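Labels below follow one simple rule: chain letters A, B, ... track the order of the sequence lines, proteins then strands, and each chain is numbered from 1. It should be emphasised that the depicted structure is a prediction, and the values quoted were computed from it without experimental measurement.
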Amino acid sequence: MLQSKTFVKKTRAGRVQKVVREHYLRDDISCGAASCSTCGAVEHPLSADAAAILVVDTNVVLHQIDLLENPAIDDVVLLSVVLDEVKNKNLAVFNRIKALCSNKARRFFVFTNEHHRDTYVKEMVGESPNDRNDRAIRVATRWYQSHLGENVKVLLITNDRDNKRKAIEEGINAETVESYVRSLAQPGLLDLVVVSTSGDVTMEDVEDLRPSKKKVIYSEHKPMSEITAGLRCGIYHQGKLRVNRYNPFEAYVGSESIGDEIVIHGRSNMNRAFDGDIVAVELLPQDQWHESKSFIADDDEDDEEDVHLAPNSADDAPRKANPTQSTAASSADSVSSRPVGRVVGIIKRNWNSYCGSLEPMPMPAGSGGVAHALFVSKDRRIPKIRIQTRQLGNLLDKRIIVAVDSWDVLSRYPSGHYVVLIENDINTRPFSTQVLACLPPLPWTLSPEDLANPNRQDLRHVRVFSVDPPGCRDIDDALHCTPLPNGNFEVGVHIADVTNFVHPGTPLDEEASQRGTSVYLVGQRIDMLPKPLTEDVCSLRADVERLAFSVIWEMTPHADIISTRYTKSVIKSCAAMSYVEAQARMDDSRLVDPLTVDLRNLNSLAKIMRHRRCERGALTLASAEVKFEIDSETHDPLDIGIYQIREANQMIEEFMLAANISVAEKILKHFPLCSLLRRHPSPTKEMLEPLLRTASSVGLNLDVSSSKALAESLDNAKNDDPYFNKLIRILATRCMTQAVYFCSGDLTFSEYYHYGLAASLYTHFTSPIRRYADVIVHRLLAAALEIAKLPPLFQDGPQLTGVADNLNYRHRNAQMASRASVELHTLIYFRTRPMDTEARIVKIKANGFIVFVPKFGIEGPIYLTPKGDKGGDWVVDEVHQRVTKPGTNVSYAVLQTVMIHMEVVEPQPHRPKLQLTLI
Amino acid sequence: MEYVNPLTGFRVDGRRPNEMRQLKGEVGVVARADGSALFEMGNTRVIAAVYGPREVQNKGQQVNSKDALVRCEYRMADFSTGDRRRKPKGDRRSTEISLVIRQTMEASILTHLMPRSQIDIFVQVLQADGGTRAACINAATLALADAGIPMRDIVTSCSAGYLCSTPLLDLNYIEDSAGGPDVTVGFLTKMDKVTLLQMDAKLPMDTFETVMDLAIEGCKAIANYIREVLLENTRRLECQRG
């Protein structure tokens with residue numbers, strides 16, 4: 001084995017330091033081709049009968065990743081130099097290409113050219129790193145060609161003209177992406193090819209085509225060196241750009257350097273930045289600071305607000321710059337308004353794929369040719385995207401996903417290319433065969449080995465039952481409650497033993513970990529685990545023997561926990577009830593059968609526990625959950641209403657909370673550094689500000705010093721209006737952030753606190769069928785009981801943190817999806833049923849107010865003035881949250897009840913929306 | 001960071017997980033010392049000088065008169081790391097490493113053959129790139145052998161770590177500072193005995209065993225190399241005598 005060293009110099013930020021690293025060159029790296037006899041590797045990802053072996057350069061990977069993901073492209077060699085560059089430039093693309101390389105079904109091979117004796121290239125004097133890497137790619141391509149001999153064609157794919165020319169001079173086969181795809185003769189593929197506009201072969205054609213349109217719309221981005229220099233001396237400010245969800249022409253950049261948010265008005269000031277980009281911002285002179293909304297009229301799109309579902313927490317709620325405040329400030333001509341700036345450069349792009357549809361347009365004459373179309377994203381924060389397609393007829397009126405490629409100064413809209421066609425429905429990937437192979441043989445029955453397992457307690461004789469929403473198929477929790485001779489109760493919570501079937505490291509486990517959670521849509525569910533597990537093997541259905549993980553307490557009749565025991569078990573549920581059924585049983589005083597008695601005992605314990613929890617300061621928060629009745633044939637909603645919460649729900653909830661807390665204590669005791677817990681950060685003063693303002697305007701004083709104080713003042717918030725208390729609670733809930741998963745080693749103990757539940761420790765244990773976090777916690781608990789070994793994941797702190805972050809992300813996405821689904825169904829429902837209803841004002845704005853419709857849990861704007869007329873003759877009273885028309889006694893105050901009319905209108909195709917008008 | 005590339009299985013510097021860095025050993029580099037050696041593991045370069053056995057200089061240090069007194073001083077040269085900084089003498093770290101080296105060497109030196117005498121081992125790190133502790137022990141072994149001090153066996157040392165769920169042999173500086181566990185083993189090859197085992201992190205028992213086994217494999221390989229260097233040196237001396 002040949003080893004040699006080279007020295008790499010590297011400077012670090014601030015001090016210049018010489019770093020010397022070893023770099024071993026080897027002669028034992030295989031080329032990965034099946035036709036190669038010299039390397040003698042075991043695995044040959046590249047097939048022997050490939051028409052050509054493709055070597056791609058960095059820009060091809062970065063820009064044509066969608067093309068590479070298409071199964072028509074195969075036998076690709078990825079050089080390590082290319083992968084490194086891709087990783088540095090765009091992590092999202094890197095992850096996609098990494099997934100491609102590790103996919104056994106695809107023939108992609110990673111060749112470590114940087115460590116191969118024959119392909120290592122030393123930087124020459126005066127050569128830029130880019131040129132060096134290009135040369136390394138060419139050297140590796142040539143090596144492949146000479147290594148594999150003349151029988152195999154090795155093709156370098158590059159869009160860089162210079163690189164291609166040099167390659168051909170050196171006797172390497174080189175082609176551009178477009179010409180290669182053309183040679184494959186698959187017209188559909190050509191749409192995936194990104195036509196790049198900078199320094200490319202096709203550039204001249206484009207310019208020739210539309211010379212008249214050549215008008216600079218945006219100012220040029222500043223070069224990176226200038227930006228870093230500007231950032232350092234404080235002229236520019238760096239931050240993440242967030243576009244207002246309501247008004248795509250307004251954006252905010254949270255800047256640490258000035259400690260405030262910089263407002264950016266209009267597309268030209270945003271200067272081609274997308275939502276989520278890290279940008280450099282220059283502040284405008286202060287006299288331009290309060291031209292708050294004048295830019296909006298410049299553009300041709302409307303800037304209305306949509307009616308949407310009432311948000312459940314501060315994270316869901318769209319960010320508002322509080323236009324009331326800024327307009328009020330500007331009229332008063334004070335300088336208190338926020339800094340206004342413009343984007344001078346983009347430090348990191350956050351270009352993603354976006355879902356939406358094409359703007360309707362007439363079909364061009366020759367349907368086979370290339371057509372330009374404008375894509376309108378579903379997300380209003382995203383500008384229209386120009387795409388080129390050869391299959392326009394196919395794509396019109398369909399939901400499609402489009403990726404953004406570039407946006408130059410000459411074009412009003414960014415250009416992109418279409419990726420996937422989604423027809424009508426959400427793309428719910430079925431589980432792969434590898435995943436399904438991990439399932440236990442079906443039909444599954446309890447095996448004697450499970451019973452013989454000394455760690456598994458046989459609880460089949462115990463009267464276990466479950467209470468769930470009606471129609472629930474994935475039952476993951478069950479309870480029992482047995483009176484003990486000493487007057488105490490033995491209470492058990494039994495959770496489906498998912499980890500008995502989902503073993504760490506299997507494809508099934510990885511898939512579940514990726515999905516993170518099941519997604520509940522109206523009338524539909526996207527599972528985290530395959531259906532046989534979800535609905536049969538793991539589901540704790542009635543009258544079948546199932547494996548469970550149990551937490552068993554001994555409790556006094558005053559609900560004091562005397563002892564806690566954790567065990568794997570076998571149970572046989574005697575009844576799977578719905579909440580309604582359970583409630584009916586408890587309420588029916590004639591029933592005295594054992595099951596009902598158990599229910600009543602549990603209920604009385606739960607009431608004490610609930611009371612105690614509230615005393616500790618747990619918040620009873622409210623959210624308006626909506627329930628649909630769906631037509632079984634058309635899947636159209638028949639009726640909607642607010643989900644009703646019964647005592648039975650609260651009873652189950654109480655025991656689940658108790659089980660979660662008990663488990664959290666146990667796992668933290670055993671694994672103080674690597675437990676997965678859930679915390680709910682205390683809301684800051686600023687977050688509670690809107691709530692306090694609203695409350696004080698109706699003469700209510702809320703004490704927010706602690707969760708206990710808040711809970712008490714919420715309890716006292718009552719007046720003659722029966723819905724008032726709930727409304728205040730809904731507003732309070734909205735000020736909170738969401739609870740998040742975290743790894744216990746990352747934070748200190750005081751930060752573990754769960755504000756909403758007023759619990760010092762909390763985790764998720766009770767729903768392993770639909771949440772991956774619970775699966776992790778099950779494994780931790782099993783390891784704590786020394787039943788199973790701790791999987792390697794937990795020994796790697798950063799990795800566990802990564803899993804927790806992914807879970808948080810998935811969890812949020814799932815919630816967004818269910819909200820979107822509910823919104824969609826609300827829309828379908830009101831399409832055929834315009835109606836008048838009662839609504840409550842929750843927020844006063846400059847030209848109207850936001851109303852909340854309690855009956856349907858939706859929220860939306862009502863305009864007092866016609867569109868375009870800003871402010872008008874209405875005067876906003878900030879302190880009292882009231883808007884009045886001077887000269888009349890017409891006024892609207894926050895929390896006031898109004899009658900509204902709801903109707904679906906469709907101002908733009910494929911973007912129907914619910915319009916609310918005041919009656 | 002990926003310390004082991006999941007697609008190719010190579011480490012950052014192009015090694016496989018179970019490969020050591022390039023070794024280089026040279027005997028007799030300090031003429032005035034009784035024995036001396038230079039030892040390299042990749043970019044880690046260490047020089048060791050041995051004085052003794054000689055009369056005990058400070059009688060107060062002598063614990064018993066039946067055994068030789070072994071003393072060791074470990075120092076890092078000011079220029080050994082990227083940023084040149086004056087290193088204070090006798091800081092916690094170097095005191096600890098001095099002690100570790102002394103104990104490891106003492107275990108293999110036949111001290112009872114040299115009563116009322118002392119052996120001084122000076123090790124200095126010329127260039128640090130991870131695994132200085134192991135390199136120092138190897139250098140000290142070579143220097144002791146060069147000084148002709150009777151030893152039970154050749155003590156060699158090697159480190160191993162556990163990153164990206166893979167046991168890695170002979171960590172370099174980047175891998176060492178990744179925050180993972182770092183197991184340093186000192187090993188007597190012929191006697192098949194472990195004389196030094198250090199780890200300041202937590203690792204599950206079964207993983208620890210595989211990591212330790214890997215480190216022991218490394219020690220064995222180093223022992224082979226050191227034996228070769230010594231044989232080569234002896235052959236050279238033989239030639240010189242004629």
Side-chain angles (χ1 to χ4, degrees), chain A residues 1-8 10-12 15-26 28-30 32 45 78-80 83-84 87 94 97-102 108-117 120 505 671-674 745 783 789-799, chain B residues 1-16 18-24 40-45 79-85 126-131 161-167 170-175 177-181 201-208 210-211:
Chain A
M1 198 171 303
L2 178 96
Q3 294 177 335
S4 92
K5 281 183 231 172
T6 57
F7 299 96
V8 186
K10 201 184 165 193
T11 55
R12 283 197 187 144
R15 257 193 318 219
V16 175
Q17 198 178 40
K18 186 172 174 186
V19 176
V20 181
R21 282 180 190 170
E22 286 175 287
H23 192 100
Y24 287 91
L25 301 187
R26 329 179 51 106
D28 64 342
I29 298 175
S30 125
L78 281 157
L79 305 174
S80 60
L83 282 180
D84 286 345
K87 189 178 181 181
F94 175 73
I97 197 81
K98 206 168 106 181
L100 265 182
C101 294
S102 41
F108 277 62
F109 179 69
V110 181
F111 180 67
T112 318
N113 69 319
E114 294 285 39
H115 289 286
H116 193 286
R117 188 177 51 180
Y120 177 69
F671 306 107
L673 288 180
C674 61
K789 262 205 257 166
L790 200 61
L793 162 74
F794 299 101
Q795 289 141 24
D796 195 349
Q799 208 181 334
Chain B
M1 198 181 146
E2 277 168 354
Y3 293 96
V4 180
N5 189 322
L7 298 172
T8 57
F10 286 119
R11 287 152 75 170
V12 203
D13 55 3
R15 286 184 286 160
R16 291 210 158 87
N18 58 355
E19 284 175 353
M20 239 179 332
R21 290 176 287 176
Q22 199 161 39
L23 298 177
K24 197 180 158 209
E40 281 178 26
M41 298 172 86
N43 275 338
T44 299
R45 177 177 296 185
F79 50 81
S80 61
T81 49
D83 48 340
R84 193 194 142 85
R85 211 174 14 190
L126 301 179
Q127 193 170 292
D129 186 25
Y162 189 72
L163 292 170
C164 303
S165 310
T166 327
D170 191 15
L171 306 181
N172 66 21
Y173 180 71
I174 313 168
E175 294 162 338
S177 40
K202 281 187 182 171
L203 208 54
M205 212 49 209
D206 45 345
T207 331
F208 171 73
T210 57
V211 175

Using a strict threshold of under 4.0 Å (side-chain N to carboxylate O), is an ion pair present between B:R11 and A:E22? no
Would you check if A:S80 and B:T8 make a side-chain contact, meaning some heavy-atom pair closer than 4.5 Å? no
Side-chain contact test, heavy atoms from C-beta onward, threshold under 4.5 Å: evaluate it for A:R21 versus B:I174 and give yes or no. yes
Contacting moiety of B:P181, where chain A heavy atoms sit under 4.5 Å: neither
Turns out that what part of A:L78 lies under 4.5 Å from chain B's heavy atoms comes down to neither
Decide yes or no for B:L7 and A:L83: does some side-chain heavy atom of the first lie under 4.5 Å from some side-chain heavy atom of the second? yes
Distance in Å, A:Y24 OH paired with B:Q22 CD, rounded so as to fall on 0.5 Å steps: 6.0 Å
Can you find a pair of side-chain heavy atoms, one from A:R26 and one from B:F10, that are under 4.5 Å apart? yes
Side-chain ion pair, A:D28 and B:R16, N-O less than 4.0 Å: yes
